[in-house]
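Reading through the structure tokens given below for one structure.
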2 protein chains.
Amino acid sequence: MQKQNKLKVLTNPRLTEAAAIIEKALAQRRTIIVVGECKVLYSGRAKSTLEPGERILIIKEDGSLLVHRPIGYEPVNWQPSGSVFHVQTKADVVEVHAVRQKPRENVRVLFYEVFMVSALSLNDSGEFSLYASEKEMHRAILRKPSLLEEGFTPISYEKKVEPGFVDVYGVDKDGKLVVVEVKRKTAGKEAVLQLARYIDAIKAKADRELRGVLVAPGLGKDVQRLLVTLGLEFKALDPKKCAKVLKKDQNAKLETFFEEGK
Amino acid sequence: MQKQNKLKVLTNPRLTEAAAIIEKALAQRRTIIVVGECKVLYSGRAKSTLEPGERILIIKEDGSLLVHRPIGYEPVNWQPSGSVFHVQTKADVVEVHAVRQKPRENVRVLFYEVFMVSALSLNDSGEFSLYASEKEMHRAILRKPSLLEEGFTPISYEKKVEPGFVDVYGVDKDGKLVVVEVKRKTAGKEAVLQLARYIDAIKAKADRELRGVLVAPGLGKDVQRLLVTLGLEFKALDPKKCAKVLKKDQNAKLETFFEEGK
DNA sequence: ATATGCATGTCGCAC
DNA sequence: GTGCGACGTGCATAT
């Protein structure tokens, strides 16, 4: 069974044993987990000391390092990927020294006792997808207006119109004004009523024909009827699709595309 | 030996065994490490999926959760401290579900195979000290005003002046008021403009001659010109030097040195 | 290479 | 609780 290769674990090893495993795993670029009592010294952009206590050290294949205390989401000390490691066994201490080149930074983890050391060969090719937030959906539509419909041209976004902010604002292929309300999740009737309020507010100011389009991955149960009653439209759009659009060209400076005023 | 209590490790356990250990460790508020093949789903402020692969899951005593891939400094998924956990064993899957209340967020980790599971009782009371933060630079200047310039006498610090807080506030050797803005890193133009806003705000209140001094280890590219244009000054100061000054007299409670009001 | 803006940012502190 | 700024922020991208 090749589990043997995947995983090596020692509990309460002698320090010399632990050091040997760590050094070998570093050479083989395996992932390392060490649990034990240690002190940590950092110097670089700033400087820190962490007095002895029991923590978890993780060293990854790519040369990143994490020291985690038993409390708190963030690592207390770390080193980003690409760090270079040295292991030194002194009298009663194993020192793991991680060096980052630019900027020059050092993290030294000194183990006085090791409760567990583990060397792992992890195989992870699973795709990670982060779906868009609502604001990202706005940006995606501005980036690629055809997501809304062919011929749509955005004019402004997050425009103040008194009840609040209109998500996206533009002109369709016939020159008709279009007000767009975006929702990341299935839209309920609040979304429809919100859009209706914007439409009314804008109509009151400029008496011009308007289209209102609700953009969301889906519509709630009785929302369809309400939408039609109010003369509004619906366009299905998946946040995932937006994320994909943005991936191509992520930080277009939309702030400069449209003047805030108009 | 009470190492037994500190540490429990199983390698290649059956899923039901792994689930049992995780549930027990959660109940006892111990730190948990699980290594195995899993899929991860997140939904909350945004939404993400992570297809199956081999990763490290850490759950800490305080209810924080981390999922680490074998590459990368940052966790691919996480949940901050205070999350509530549920473990469910289905047919061929163990699901760890972490819920954060506010904002409402869910992370589900579904294990198809567990290579190692470990429950730990970590004891960590070691003090962590970070040197040379921006606030410590303030304190260093208050401690040793000559770091700014000879004859400088601080009056107040972190004083509210409407756009925000002035870092340090004092009088120079000629009795002229000095407003000091401190940056730990090379100062950009935002720092200069921030200082200028403070100066303007204070001038508006008390029509008295003011000097504005930007303190930082260095100045950004075109910042020098802007500084001069606005009639402000620059004083180079290294955070590390500040740390050294503070080391001499570490726990002076500067809060009591100056009354907040004046 | 540096500069700019975003992040499931997180965290701490003041109001 | 809510808001605001700092962070060894990290990270991705445009210049």
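In what follows, chains are A, B, ... by sequence order, proteins preceding strands, each numbered from 1.
- One finds no side-chain N or O of Arg100(B) lying less than 4.0 angstrom from the OP1 or OP2 phosphate oxygen of dT8(C).
- Nearer the 5' end of DNA chain D, as judged by each residue's closest nucleotide, is the contact made by Lys102(B), out of Lys102(B) and Gln79(A).
- Atom NZ in Lys189(B) sits roughly 10 Å away from atom C1' in dT4(C) (whole-Å rounding).
- Side-chain atoms of Glu74(B) and base atoms of dG10(D) include no donor and acceptor less than 3.5 Å apart.
- In this structure, Trp78(A) packs face-to-face on the six-membered ring of dG8(D), meeting both the 5.5 Å centre cutoff and the 30° plane limit.
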Practice prompt. Dot-bracket notation for DNA chain D is requested: 5' to 3', Watson-Crick or G-U wobble pairs only, both distances under 3.5 Å, with ( ), [ ], | and . as defined.
Written response: |||||||.|||||||
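- With dC11(D), dC7(D), dC11(C) as the candidates, the nucleotide lying closest to the side chain of Tyr73(B) is dC11(D).
- OP1 or OP2 of dG10(D) sits under 4.0 Å from a side-chain N or O of Arg45(A).
- Comparing the P positions of dT4(C) and dT8(C) gives an interatomic distance of 23 Å, to the nearest angstrom.
- The phosphate of dA6(D) has OP1 or OP2 within less than 4.0 Å of a side-chain N or O from Lys183(B).
- Between the CD atom of Glu190(B) and the C1' atom of dG5(C) there is a distance of 12 Å, rounded to whole Å.
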Fill in: Derivation of the side chain to side chain contact (heavy atoms under 4.5 Å, CB included) call for Lys183(B) and Gln194(B)
CA-CA 11 Å; Lys183(B) 286 284 169 244; Gln194(B) 194 180 351; 3.8 Å; yes
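- Closest-nucleotide positions on DNA chain C for Lys47(B) and Ser81(B) were compared, and the one nearer the 5' end corresponds to Lys47(B).
- The aromatic ring of Tyr42(B) is stacked on the base of dT8(C), with the two ring centres less than 5.5 Å apart and the planes inclined by under 30°.
- Partners of Ser64(A) according to the side chain to side chain donor-acceptor pair (under 3.5 Å) rule, which considers only residues two or more places apart in sequence or in another chain, are Asp62(A).
- The stretch residues 54-66 of chain B does not touch DNA chain C, since none of its heavy atoms comes less than 4.0 Å from the strand.
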